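What follows is one structure encoded as structure tokens, with my remarks underneath.
Both ligands and their constituent atoms are indexed starting at 1 by order of listing. What you are looking at is a predicted structure, and each value in this text was computed from that prediction instead of being measured.
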Amino acid sequence: MINFNEPIVTGKEIDNIKSAINLKKISGDGVFTKKCSSWFEKKFNVKKVLFTTSCTHALEMSALLCDIKPGDEVIAPSYTFVSTVNAFVLRGAKIVFVDIRPDTMNIDEDIIEKAITEKTKVILPVHYAGVSCDMDKIMKIAKKYNLYVVEDAAQGMMSKYNNMYLGTIGNLGCYSFHETKNYSMGEGGLLLINDERFIERAEIIREKGTDRSKFFRGEVDKYSWVDIGSSYLPSEINVAYLYPQLEIVDKINFDRVNSWKCYYKNLKELEKQSLIELPFVPDECEINGHIFYIKVKDIQERDRLINYLKINGVLTVFHYIPLHSSKIGKKYGRFYGEDNYTTKESERILRLPMYYGLKEKEIIYITSKITEFFAKKNGEK
Ligand SMILES: *Cc1c(COP(=O)(O)O)cnc(C)c1O
């Protein structure tokens, strides 16, 4: 059986967790959080990063930092995970969903400007599969209308756009370290603060609305309640799990990108025969191999292929049910313009197994079974 995902394990986790215990500090912002935070700030050249308990929480912090008030509008794709928009809905925002581009499955940058109203406050690009949105265009629009850009880069760590790391381009960026992502601490996330104006308040919001971070640095002699906030900092035990992955970050990235390329090469022939479509990566983008997907004809063909692969020992998955089609999505959002691609493309997409350590021979087996499926006319005997 080839699993769809296997959480990343480097082998050094237990030693690191032991040392967190020996340091007698397992709550947040200890040695491991400090080491990992400076690693991110240096590696990605970010003004300030803050570890969070999830990407969802990094997004919630972003909504708080952007001062979202009831009735404010946020522009986002409908083809995304619920957390992208839930975080803003919690602050009272109305979500204006915009169609995606069928080639990258990312928000269509050419529609964003038309969807802006007087109430728009934030543009929320999601870098699907670790392939960047058209950030040049998005940043230009944001500047013109004085909007914030919050990047949902949950899937985008180590990917680049015009040589800039994803998550470092907008005012704020959010990473996920959930076990389904390229780098993991079980549950966890990171808020990347590229806009200095947010730093002080972000520390306060993350520390229950207190200036405790300043107190620990000796900048104030007592800490008190200074703003609204919550508890968004992860335990040292979780960050200790992540630490060894950062030490071999290039190896992990190389491994996943290699798997991605191996899939691509082995499935090219089927694309040439117009039986499937393969992912598209614009010239400005460097990928991290987060997801490898194919697109088939329609939802029925996808069901048959999922089944065919399953009986051959290969687990595949699909996502997302477009948010605007859900009951809650209708309540808290509206779709701007036509849904030309969001629904249609979401029904054609199939994600193939992808994780650190997936073997080339396994990829060759998977792609041979996909080829066989189409040779047998959709797996019929
Ligand atoms: C995984 C994911 C999230 C949520 O990440 P958590 O760390 O589980 O909260 C948000 N947005 C996107 C696009 C994701 O893929």
Side-chain angles (χ1 to χ4, degrees), residues 4-5 7-8 36 40 49-64 74-90 93 95 97-98 100-101 104-107 122-133 135 138 149-159 161 166-167 169-170 172-192 206 230-235 238-239 241-242 245 256 279 287-293 317-324 326 328-329 333 342 345-346 349 351 354-355:
F4 169 70
N5 177 57
I8 184 162
C36 289
F40 276 98
V49 304
L50 291 173
F51 268 92
T52 56
T53 27
S54 64
C55 179
T56 303
H57 280 167
L59 287 158
E60 282 184 22
M61 284 185 65
S62 302
L64 283 159
V74 171
I75 296 178
S78 171
Y79 183 74
T80 184
F81 189 60
V82 285
S83 293
T84 310
V85 301
N86 235 342
F88 290 80
V89 167
L90 277 170
I95 310 302
F97 295 111
V98 161
I100 51 166
R101 296 166 43 157
T104 58
M105 304 297 279
N106 283 332
I107 191 165
V122 176
I123 306 174
L124 199 42
V126 179
H127 305 299
Y128 180 68
V131 177
S132 181
C133 298
M135 291 308 290
I138 290 171
V149 174
V150 177
E151 296 177 73
D152 182 341
Q155 307 178 5
M157 178 171 151
M158 292 299 280
S159 283
Y161 173 79
L166 301 191
I169 305 164
L172 297 162
C174 304
Y175 287 169
S176 172
F177 303 124
H178 185 260
E179 74 169 29
T180 53
K181 302 303 198 290
N182 291 22
Y183 307 90
S184 176
M185 48 195 259
E187 301 276 359
L190 191 76
L191 177 68
L192 296 89
R206 178 170 169 270
S230 189
S231 183
Y232 289 121
L233 61 167
S235 152
N238 293 64
V239 186
Y241 186 97
L242 178 73
Q245 294 164 40
R256 295 190 77 118
I287 57 164
N288 62 0
H290 174 60
I291 286 175
F292 192 91
Y293 66 79
V317 302
F318 61 82
H319 64 183
Y320 301 101
I321 310 292
L323 298 179
H324 74 282
S326 68
I328 293 292
T342 300
E345 299 302 303
S346 74
I349 206 163
R351 300 173 60 187
M354 179 60 96
Y355 50 85

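- A donor-acceptor contact under 3.5 angstrom links the side chains of H324 and S78, judged on distance only.
- For H319 and Y293, the gap between ring centers reaches or exceeds 6.0 Å.
- The nearest protein atom to atom 11 (N) of ligand 1, hydrogens excluded, is given as D152 OD2, 2.7 Å; this is a heavy-atom distance.
- For atom 1 (C) of ligand 1, the nearest protein heavy atom (residue, atom name, distance) is K181 NZ, 1.7 Å.
- If you check which protein heavy atom lies closest to atom 15 (O) of ligand 1, you get Q155 NE2, 2.8 Å.
- Distance from atom 8 (O) of ligand 1 to its nearest protein heavy atom, with residue and atom name: H178 CB, 3.8 Å.
- Of all atoms in ligand 1, numbered sequentially from 1 with element shown, those under 4.0 Å from a heavy atom of V126 are 13 (C).
- The line from CG of L124 to OG1 of T80 is 7.5 Å long, rounded to the nearest 0.5 Å.
- For ligand 1, the atoms closer than 4.0 angstrom to any heavy atom of T84 are 11 (N).
- The closest protein non-hydrogen atom to atom 14 (C) of ligand 1 is A154 CB, 3.4 Å.
- Ranking protein heavy atoms by distance to atom 7 (O) of ligand 1, first place goes to S176 OG, 2.7 Å.
- Of all the heavy atoms of Y320, the ones lying under 4.0 Å from any atom of ligand 1 belong exclusively to the side chain.
- With a heavy-atom cut-off of 4.0 Å, C55 touches ligand 1 through backbone and side chain alike.
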